Amino acid sequence: MHLYRTHTCGELRKSDDGRTARVSGWVYRKRDHGSLLFIDLRDHYGVTQVVVRPDRSFFEEAQKLKPESVITVTGRVEPRTPDTVNSSLATGEIEVVADTLVVESVADTLPLQVAGEEDGPEDLRLRYRFLDLRRERMHKNVLMRSRLVADLRRRMTAHGFAEFQTPILTCSSPEGARDYLVPSRVHPGKFYALPQAPQLFKQLLMISGFDRYFQIAPCFRDEDARADRSPGEFYQLDIEMSFVTQDDVFAVVEDVISGVFGDFSDWTCDKPPFRRLAWREAMEKYGSDKPDLRNPIVMCDVTDIFRGSEFKAFAAAVDGGATVRAIPVTGVGVADKPRSFYDKLVEFAKEAGGKGLAYLVWQGDSVKGPIAKYIDQARMASIVERCAARAGDAVFFVCDKPKDASRISGDIRTKLGRDLELLEPNTYRFCWVVDFPMYEFDEEERRVVFSHNPFSMPQGGMSALTGKDPLDVLAYQYDIVCNGVELSSGAIRNHSPEIMLKAFEIAGYTREEVEEKFSFLLNAFRLGAPPHGGIAPGVDRMVMLLAQESNIREIIAFPMNQRAQDLMMGAPSAVSERQLRELHIRLNLPKEKAATTLVAPKV
RNA sequence: GGGGGCGUAGCUCAAUUGGUUAGAGUCCCAGAUUGUCGAUCUGGUUGUUGCGGGUUCGAGUCCCGUCGCUCCCGCCA
């Protein structure tokens, strides 16, 4: 008989009746009846009830076992009587009556409880992550991630993609996020950088003729965390394809994503082709470049209606270049909400940076609201028509500079959707946001800058760059969005050195600067580069959506906290003088702020 | 770098407008208990109310500072 087990804790069934079995695992729960003891024994595969009878020599030892101790039990598999069957357990028709019991590892009192659904404080959970990961939900999340990654590989391979590895120690890139730097011992004063993404390598692989690249790629960015953004490192399903149009990229991603979401969740999921929204349309209708389409509220522009109106606050702002966005809330009887509901929303709009929030409420035959008396009949009719407002509805109005109007109205739309519970339940809604502007005007620096990826191909190519107002040039740049979460950005790349030089020139870079900064890429483009494009959906975010977690740390086995510390390992940590000396580094620490030392748990 | 929220027993939380000895569940400890499966029952231990200062006759509660966690803005081509 095997030293530790003949069966896992999720394996034994009624058909094993009479068999002698050996199982090993963690003491999950104990029910001590004094002269009879039940132990729920748990391993990765499930839970099996072990019965310890009082005549056994180890009965007292078993009674004293602490939860999460590891034991090996050998005994007879017996069927349970009908009234003691536990239907919520896969092994609930049987139990193992213990003949021998070996304690493999004694557990001290736990800092966190493994049984039960309750989350402990997050710093403790991170410090004792190995305990936290024993909990059912976390164990499930991490496992789902594993299965998802395997599934992504299978699907990509089936689409004819080859998986590549690219360097982790590479060089700092001039554009983009802050790099993590690694000092070189051999080259004093020089540094490697961890890749923010394998962007340039995958483009070079296309130039090498590999045609279809993918990688479950680690990416490193030294930027601050968010609930959906883990600090330090994250993973992307990195994809690049040669001789493709935007539609070819979409077709692959739609198949992979819809396949994965269909297989890994019971929720309703959009079938390909996913809806496409122009960036401008997304900003106007949803006030966001990552709209949550589960929210039925669709906004519209009503700037023209307020221009020259008696509502002077808006009319004057419109003359000064502001736009007015209408946020219609229709068909849910929002007109019956108390005054406080509207007051709170006005307050919310101000906190979001708005100057205020105007609104109209259709109660029965009359229109009410603070601005109603300033709107003449013709204008009111236009509003009613454009917003499809009926009795019981309300429309909110935000007036601000276009960029702020979008953001503020978008925040209000999100809040209304959530507070009024308008979101479609148990559904994944996907869309592509396309036609991003190539450039935008930086108000602070008073100049034209790249709005997203400088390596994207401008729509219309060279003639668009030379013939159009730069702010009107669109890029072959696209995002895929699910339930308000940006899953991924991608682009058809600019593979022409001349167009690239021109594109950078518009953003204020001289030819010489570009030739110097991106020499190897330009040189590669000059030696035969296929038209190519790609995308890189975030693996962590996919798992987060599928596991229905609202925080990305819940689906990462060993995440860092928001301040980019690993509380379990104690990273980042001080290093020895000798290590620094070898790397030719002398510390120049900020004054007063003493370095916080992290203490790893004594385990 | 900036703003919001939170911080009470090992853990999850409560504590009236600032009022008497800071409570409950869980965990832990002891005892009882032969069919439980979140076992049950009895009893018990556990507190610098994050830390420091202030206001007050009196502070878990109010004020200031600080530390920690978290959410957001900036940032993330």
Side-chain angles (χ1 to χ4, degrees), chain A residues 28-42 47-55 59 63-64 66-68 78 80-89 91-92 95 97 108-128 131-132 173-179 196-197 199-200 219-232 234 348 351-353 407 411 436 438-440 444 449-456 475 477 486 489-491 493 503-504 507 517-518 536 538 550-551 553 561-563 565 567 592-594 596 598:
Chain A
Y28 192 40
R29 288 193 174 96
K30 263 178 8 183
R31 291 173 296 279
D32 184 353
H33 289 247
S35 302
L36 184 67
L37 175 65
F38 298 99
I39 296 173
D40 287 342
L41 196 65
R42 183 198 76 242
V47 173
T48 296
Q49 175 163 282
V50 172
V51 182
V52 185
R53 300 204 186 278
D55 56 349
F59 183 77
Q63 276 184 314
K64 285 181 182 145
K66 290 213 189 194
E68 296 306 309
E78 291 189 359
R80 301 200 198 179
T81 59
D83 57 314
T84 60
V85 164
N86 185 348
S87 57
S88 59
L89 218 57
T91 60
E95 59 199 11
V97 182
D108 289 339
T109 301
L110 305 171
L112 292 167
Q113 278 161 243
V114 172
E117 316 242 304
E118 221 163 54
D119 283 341
E122 199 173 8
D123 50 345
L124 263 191
R125 292 178 59 200
L126 292 175
R127 192 169 291 234
Y128 295 95
L131 268 185
D132 198 44
S173 57
E175 299 277 326
R178 256 189 302 275
D179 287 313
Q196 297 173 20
Q199 178 70 36
L200 296 172
C219 304
F220 305 89
R221 296 178 192 172
D222 187 2
E223 297 295 348
D224 290 333
R226 289 288 183 277
D228 63 353
R229 204 165 82 199
S230 189
F234 60 96
F348 177 83
E351 280 168 16
R407 180 179 54 80
D411 284 354
F436 277 80
M438 186 83 188
Y439 302 99
E440 62 188 26
E444 273 181 30
V449 298
F450 286 113
S451 70
H452 287 86
N453 187 334
F455 304 107
S456 301
Q477 162 97 38
E486 182 193 315
S489 262
R493 320 295 171 190
F504 273 85
K517 275 186 175 174
F518 306 109
S550 57
N551 191 297
R553 288 185 293 274
N561 68 7
Q562 200 183 27
R563 291 180 51 202
Q565 296 166 308
L567 298 176
E592 287 182 53
K593 225 172 192 178
T596 333
L598 289 168

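These values consider heavy atoms only, across backbone and side chains, with no hydrogens, waters or symmetry-generated copies. Not measured: the values here are computed from a predicted model.
For the C1' atom pair drawn from rG5(B) and rG23(B), the interatomic distance equals 25 Å after rounding to whole Å. Here the separation of rA15(B) from rA24(B), taken at their C1' atoms, is 11 Å to the nearest Å. Rounded to whole Å, the separation between the P atoms of rG60(B) and rA9(B) comes to 14 Å. rU21(B) sits 14 Å from rU49(B) when the P atoms are compared, rounded to a whole Å. For the P atom pair drawn from rU45(B) and rC29(B), the interatomic distance equals 16 Å after rounding to whole Å. Distance check on atom C1': rG3(B) versus rU8(B) gives 26 Å, rounded to whole Å. Nucleotides rA59(B) and rG52(B) are separated by 15 Å at their C1' atoms, to the nearest Å. Straight-line distance between the C1' atoms of rU40(B) and rG35(B): roughly 12 Å, to the nearest whole Å.
Taking atom CG of Asp228(A) as the reference point, atom C1' of rC76(B) lies 11 Å away to the nearest angstrom. Atom CZ of Arg563(A) and atom C1' of rU70(B) are 12 Å apart (whole Å). The separation between Asp224(A) atom CG and rU70(B) atom C1' is 14 Å, rounded to whole Å. Atom-to-atom, CZ of Arg178(A) to P of rG1(B) comes out at 10 Å; the value is rounded to the nearest Å. Atom CD in Glu122(A) sits about 16 Å away from atom P in rG68(B), given to the nearest Å. In this entry the distance linking CG of Asp411(A) with P of rC71(B) reads 17 Å, nearest Å. Atom CG of Asp108(A) is separated from atom P of rC29(B) by 11 Å (rounded to the nearest Å). Between Phe348(A) atom CZ and rC71(B) atom C1' the separation is 13 Å, expressed in whole Å.
Using a 4.0 Å cut-off, no side-chain N or O of Gln562(A) falls inside it from OP1 or OP2 of rG68(B). Between Asn561(A) and the phosphate of rC69(B), there is a side-chain N or O to OP1/OP2 separation shorter than 4.0 Å. For Arg125(A) and rC11(B), the shortest distance from a side-chain N or O to OP1 or OP2 is not below 4.0 Å. Look at Arg221(A) and you won't find any side-chain N or O under 4.0 angstrom from OP1 or OP2 of rC75(B).
For RNA chain B, if you chain together Watson-Crick or G-U pairs that step i with j, i+1 with j-1 and so on, the runs of at least three with distances under 3.5 Å are B:1-7 with B:67-73, B:10-13 with B:23-26, B:28-32 with B:40-44, B:50-54 with B:62-66.
Rounding to the nearest 0.5 Å gives a distance of 12.5 Å between CD of Glu68(A) and CG of Asp108(A). The structure places CG of Asn86(A) at 11.0 Å from CD of Glu95(A), a figure rounded to the nearest 0.5 Å.
A donor and an acceptor atom never sit less than 3.5 Å apart when one is taken from the side chain of Asp123(A) and the other from the base of rG68(B).
Between the side chain of Arg221(A) and the main chain of Gln196(A), a donor-acceptor pair closer than 3.5 Å is present. Judged by distance alone, with hydrogens and angles left aside, the side-chain atoms of Gln477(A) form no donor-acceptor pair with the main-chain N or O of Phe436(A) at under 3.5 Å. In this structure a side-chain-to-backbone donor-acceptor pair under 3.5 Å is missing from Tyr28(A) to Val114(A). For the pair Thr91(A) (side chain) and Val47(A) (backbone), a donor-acceptor distance under 3.5 Å is present. Of the possible donor and acceptor atoms, one in the side chain of Lys30(A) sits under 3.5 Å from a partner among the backbone N and O of Gln63(A). Looking only at distances, no side-chain donor or acceptor of Arg553(A) sits under 3.5 Å from a matching main-chain atom of Asn561(A).
Comparing Lys64(A) and Leu112(A) by the nucleotide of RNA chain B whose heavy atom lies nearest to each, the residue mapping closer to the 5' end is Leu112(A). Residue Pro111(A) is the one, among Lys66(A) and Pro111(A), whose nearest nucleotide of RNA chain B lies closer to the 5' end (criterion: closest heavy atom).
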Nucleotide by nucleotide, 5' to 3', does protein get under 4.0 Å of the base (B), only the sugar-phosphate (S), or neither (-) in nucleotides 34-41 of chain B, counting heavy atoms? BBBBSB--
Could you please spell out the steps behind the salt bridge (charged side-chain N to carboxylate O under 4.0 Å, His left out) verdict for Arg229(A) and Asp224(A)? CA-CA 8 Å; Arg229(A) 204 165 82 199; Asp224(A) 290 333; over 6 Å; no
Does the salt bridge (charged side-chain N to carboxylate O under 4.0 Å, His left out) test come out yes or no for Arg29(A) and Asp40(A), once each step is laid out? CA-CA 5 Å; Arg29(A) 288 193 174 96; Asp40(A) 287 342; 5.1 Å; no
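Every residue two or more places apart in sequence or in another chain that forms a side-chain hydrogen bond (donor to acceptor under 3.5 Å, both in side chains) with Asp119(A) is listed here: Arg135(A), Arg137(A). In this view, Arg178(A) and Glu223(A) satisfy the side-chain hydrogen bond (donor to acceptor under 3.5 Å, both in side chains) rule, not counting sequence neighbours. Under the ring-ring contact (aromatic ring centres under 6.0 Å, His included) criterion, Phe38(A) pairs with His33(A), sequence neighbours left out.
For Arg553(A), counting side-chain heavy atoms from C-beta on, the closest listed nucleotide (rC75(B), rC28(B), rU70(B)) is rU70(B).
At the heavy-atom level, Gly116(A) lies nowhere under 4.0 Å from the strands shown. Using a 4.0 Å heavy-atom cutoff across all strands shown, Gln196(A) reaches no nucleic acid atom at all.
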Pairs: protein N or O with nucleotides 4-8 of chain B N or O, under 3.5 Å:
none

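Ring planes of Phe504(A) and Phe518(A): tilted class, angle from 30 to 60°.
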